[in-house]
Amino acid sequence: MSFIEVSSTRGDYALVNLEQVAWATVDTDGAGGASRITLHMVDGATFLLEGAEAQRALEGLGGTPS
């Protein structure tokens, strides 16, 4: 299993199982890295990640923006 730790708006952290991502939307920065990624989970949950968290999620999914 592949997990990443993400922060929440409440200031705590959650573990996200990347194997449970149904699909993702990636916004890239000028250098081609992920500036924002939205993870849509198989259970209907959605996670919006920005900056370093977005880049870690993209790397964890084994993808690169196209």
Side-chain angles (χ1 to χ4, degrees):
M1 289 186 181
S2 178
F3 291 93
I4 59 169
E5 184 178 69
V6 298
S7 60
S8 77
T9 56
R10 297 182 307 219
D12 54 358
Y13 291 89
L15 287 178
V16 175
N17 182 351
L18 295 177
E19 293 179 8
Q20 296 296 312
V21 174
W23 59 283
T25 304
V26 179
D27 295 322
T28 58
D29 59 19
S35 63
R36 183 170 59 191
I37 187 169
T38 306
L39 303 176
H40 301 271
M41 311 303 286
V42 295
D43 66 359
T46 303
F47 294 94
L48 175 63
L49 310 175
E50 296 180 333
E53 286 183 338
Q55 193 62 39
R56 281 195 308 274
L58 185 62
E59 290 167 1
L61 291 169
T64 56
S66 55

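One distance of note links CG of Leu58 with CZ of Arg36; it measures 14.5 Å at 0.5 Å rounding. We find the CG-CD1 distance between Leu48 and Ile37 to be 10.0 Å, quoted to the nearest 0.5 Å. Of the inter-residue distances, the one linking Ile4 atom CD1 with Tyr13 atom OH reads 13.0 Å to the nearest 0.5 angstrom. To the nearest 0.5 angstrom, Leu49 atom CG is 5.0 Å from Leu39 atom CG. With rounding to the nearest 0.5 angstrom, the CH2 atom of Trp23 is 8.0 Å from the OG1 atom of Thr38. Taken from CZ in Phe3 to CG in Leu15, the straight-line distance is 6.5 Å, to the nearest 0.5 Å.
Counting only distance, with no hydrogens or angles, the side chain of Ser35 and the backbone of Asp27 share a donor-acceptor pair below 3.5 Å. At least one donor-acceptor pair under 3.5 Å links the side chain of Gln55 to the backbone N or O of Ala34.
The shortest distance between side-chain heavy atoms of His40 and Val21 does not fall below 4.5 Å.
Contact record, Ser2 with Gly60: OG-O, 3.9 Å, taken as the closest heavy-atom pair.
Defined by atom type and a distance below 3.5 Å, a donor-acceptor pair is present between the side-chain atoms of Ser7 and Glu53.
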